[in-house]
*Asks:* 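Mind having a look at this structure? Questions to follow.
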Amino acid sequence: MDSVTHTLFGLTLYGAVDKSTMTKKEKRALLATAIAGSQIPDIDVISSWWDTTGRYQMWHRGITHSLFMVPVWGALIAVSARVLFRVRGGFWFLFAMLAVWIHNTSDIFNAWGTGYFEPFSSARLTFGAIPIVDVVFWLLMATGLLITRLGRGRFPSHRVFRIVWALMAVHVMAQSVQGAVLVNSVKADFEQTTLTADFIPGVFTVVGKRDEEVQLLRGSVWSELKPVAILESREDTDLQPLFAQNPKAKTLYEWSPFVVIVNDEERVGLYDPRFYRNGASFLFEYMEKPMMR
């Protein structure tokens, strides 16, 4: 998810806690813990500062987003809360872990995925069922806020936001089921398939690869999948010269479920077809052929 959504997740998690018996100091600690836990996995963006080998694509959403890092981040945040706010108890560790877990787990549902099982597996886990910016999440959280503000105390805020969380979970499950149905409907036609969610809820693009052909099929469970692009991948291309000249290309090759290989008169390169829009993919690494001679 994007940083704004993760921040809103933190605020909604804070809102879902019954704070009626908490002191002001504990409430401040709770807010800080919720926000920190919702953001800290993305600290990996600083790795771009020292990336000289084109590995940032693998480092971002890598080990910091691992399931096995959840207790590590939780302990760090809990210790920080104890030092800064003088709060104690296992609650802070558990709450911080929950915030981190929500961040790491929500990110596996969009096309970018995460290294959810690093360091034991470098594979990117991605379901592609939720877009990186999901309007349903935003609408549900905004509705919860409006109800608590306009309800004038008639509805306990923590119960409202717990309902918001339940509805967001239902939305994720509904999107995931619909995406799985669409992928399974065409899986027999391809050797490899992957999924990306549209910004319109319930609409998806299934990307399938068979031999040297990659197809992008867009639709929903309520309408048939229709081809929006048919791409040719030059699978017989020797990619080693490209990898030697452009290390980011090798990283993209490892990171993507599968790629489309381009080899024409001007350049050789590869791109991730999940991000193919208007005749191009913004995740495209290549080298001009004169540079490879």
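Atom set for the values below is all heavy atoms of this structure, side chains included, hydrogens, waters and symmetry mates excluded.
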*Asks:* Does a side-chain heavy-atom distance below 4.5 Å link Val206 with Lys187?
*Replies:* no

*Asks:* Do side-chain atoms of Arg210 reach the backbone of Asp189 as a donor and acceptor pair under 3.5 angstrom?
*Replies:* yes

*Asks:* For this output row, return yes or no: ring centroids of Phe284 and Tyr286 closer than 6.0 angstrom.
*Replies:* yes

*Asks:* With no hydrogens and no angle check, do the side chains of His60 and Asp42 hold a donor and an acceptor under 3.5 Å apart?
*Replies:* no

*Asks:* Determine the minimum heavy-atom distance between Pro71 and Phe93, stating which atoms define it.
*Replies:* O-CE1, 3.4 Å

*Asks:* What residues form a side-chain hydrogen bond (donor to acceptor under 3.5 Å, both in side chains) with Thr196, not counting sequence neighbours?
*Replies:* none

*Asks:* Please work out whether the ring planes of Phe275 and Trp112 are parallel, tilted or perpendicular, with thresholds of 30° and 60°.
*Replies:* tilted

*Asks:* Could you check, using the six-membered ring where one of them is a Trp, whether Phe137 and Phe9 have ring centers closer than 6.0 angstrom?
*Replies:* yes

*Asks:* Is it the case that the side chain of Ser256 and the backbone of Tyr253 share a donor-acceptor pair, with hydrogens and angles ignored and the cut-off at 3.5 Å?
*Replies:* no

*Asks:* Check whether any side-chain N or O of Thr237 sits under 3.5 Å from a backbone N or O of Arg234 as a donor-acceptor pair, and report yes or no.
*Replies:* yes

*Asks:* Taking Thr12 for the side chain and Leu8 for the main chain, is one N or O donor matched with an acceptor at less than 3.5 Å?
*Replies:* yes

*Asks:* Taking Arg274 for the side chain and Ala111 for the main chain, is one N or O donor matched with an acceptor at less than 3.5 Å?
*Replies:* yes

*Asks:* How long is the span from the CD1 atom in Ile130 to the CE atom in Met168, to the nearest 0.5 Å?
*Replies:* 11.0 Å

*Asks:* Find out whether Tyr271 and Leu231 are in side-chain contact, i.e. whether some heavy atom of one side chain is under 4.5 Å from a heavy atom of the other.
*Replies:* yes

*Asks:* What is the minimum heavy-atom distance between Phe204 and Leu182, and which atoms define it?
*Replies:* CD1-CD1, 3.6 Å

*Asks:* Is it true that, when you exclude Trp101 itself, more than 12 heavy atoms of the residues, nucleotides or ligands shown sit nearer than 6.0 Å to its CH2?
*Replies:* no

*Asks:* Are Val214 and Leu195 in one and the same hydrophobic cluster, where Ile, Leu, Val, Met, Phe, Trp and Tyr link if side-chain heavy atoms are under 4.5 Å apart?
*Replies:* no

*Asks:* State whether a side-chain donor-acceptor pair under 3.5 Å links Thr205 with Tyr276.
*Replies:* no

*Asks:* Can you tell me if His65 and His103 form a side-chain donor-acceptor pair at under 3.5 Å?
*Replies:* yes

*Asks:* Evaluate the ring planes of Phe95 and Phe91, with Trp represented by its six-membered ring, and classify them as parallel (under 30°), tilted (30 to 60°) or perpendicular (over 60°).
*Replies:* parallel

*Asks:* Taking the six-membered ring of Tyr14 (Phe, Tyr or Trp), confirm whether the NZ or CZ of Lys19 is under 6.0 Å from its centre and within 45° of its axis.
*Replies:* yes

*Asks:* Could you see if Val72 belongs to whatever hydrophobic cluster contains Leu94? Use Ile, Leu, Val, Met, Phe, Trp, Tyr and a side-chain cutoff under 4.5 Å.
*Replies:* yes

*Asks:* Answer yes or no: is there a side-chain heavy-atom contact under 4.5 Å between Leu225 and Ser185?
*Replies:* yes

*Asks:* Is it true that atom NZ of Lys27 has more than 12 heavy atoms of other residues, nucleotides or ligands lying nearer than 6.0 Å?
*Replies:* yes

*Asks:* Counting N and O atoms only, with roles assigned by atom type, does the side chain of Gln175 sit under 3.5 Å from a partner on the main chain of Ala129, one being a donor and the other an acceptor?
*Replies:* yes

*Asks:* Could you give the distance from OG1 (Thr143) to CD1 (Ile163), rounded to the nearest 0.5 Å?
*Replies:* 12.0 Å

*Asks:* Let me check something: do Leu13 and Met22 share a hydrophobic cluster, defined by ILVMFWY side-chain heavy atoms less than 4.5 Å apart, either directly or through other members?
*Replies:* yes

*Asks:* Write down the atom of Asn110, the atom of Thr126, and the distance for their closest heavy-atom approach.
*Replies:* O-OG1, 2.8 Å

*Asks:* Is the closest side-chain heavy-atom distance between Trp255 and Leu283 below 4.5 Å?
*Replies:* yes

*Asks:* Using modelled atom types and a 3.5 Å cut-off, is there a donor and acceptor pairing between side-chain atoms of Glu118 and backbone atoms of Ile63?
*Replies:* yes

*Asks:* Using a strict threshold of under 4.0 Å (side-chain N to carboxylate O), is an ion pair present between Asp198 and Arg218?
*Replies:* yes

*Asks:* Between Glu235 and Lys209, is there a salt bridge with N-O shorter than 4.0 Å?
*Replies:* yes

*Asks:* If we ignore hydrogens and angles and just use 3.5 Å, is the side chain of Ser121 paired with the main-chain N or O of Phe117 as donor and acceptor?
*Replies:* no

*Asks:* Hey, are the side chains of Met141 and Leu11 touching, using non-hydrogen atoms and a 4.5 Å cut-off?
*Replies:* no

*Asks:* Would you say that Asp272 contacts Phe258 through its side chain, given a criterion of any heavy-atom pair below 4.5 Å between the two side chains?
*Replies:* no

*Asks:* Quick check against the 3.5 Å criterion: does Asn246 have a side-chain atom that pairs as donor or acceptor with the backbone of Leu242?
*Replies:* no

*Asks:* May I ask you to check whether Trp138 and Thr5 show a side-chain donor-acceptor distance below 3.5 Å?
*Replies:* yes

*Asks:* Do the side-chain N and O atoms of Gln39 and Thr7 include a donor-acceptor pair separated by under 3.5 angstrom?
*Replies:* yes

*Asks:* Nearest 0.5 Å, please: how far is CG in Leu84 from CZ in Arg28?
*Replies:* 11.5 Å

*Asks:* What are the two closest heavy atoms between Val203 and Ser220, and how far apart are they?
*Replies:* CA-CB, 4.5 Å

*Asks:* Closest approach of Glu266 and Glu288, non-hydrogen atoms and distance?
*Replies:* O-OE1, 3.1 Å

*Asks:* Is there a side-chain contact between Val135 and Pro201 (heavy atoms, below 4.5 Å)?
*Replies:* yes

*Asks:* Could you state whether Val262 and Leu239 fall into the same hydrophobic cluster, counting links through intermediate Ile, Leu, Val, Met, Phe, Trp or Tyr residues with side-chain heavy atoms under 4.5 angstrom apart?
*Replies:* no

*Asks:* Do Trp92 and Ile77 have side chains that get closer than 4.5 Å, going by heavy atoms?
*Replies:* no

*Asks:* Please report the closest heavy-atom contact between Phe199 and Val133, naming both atoms and the distance.
*Replies:* CD2-O, 3.3 Å

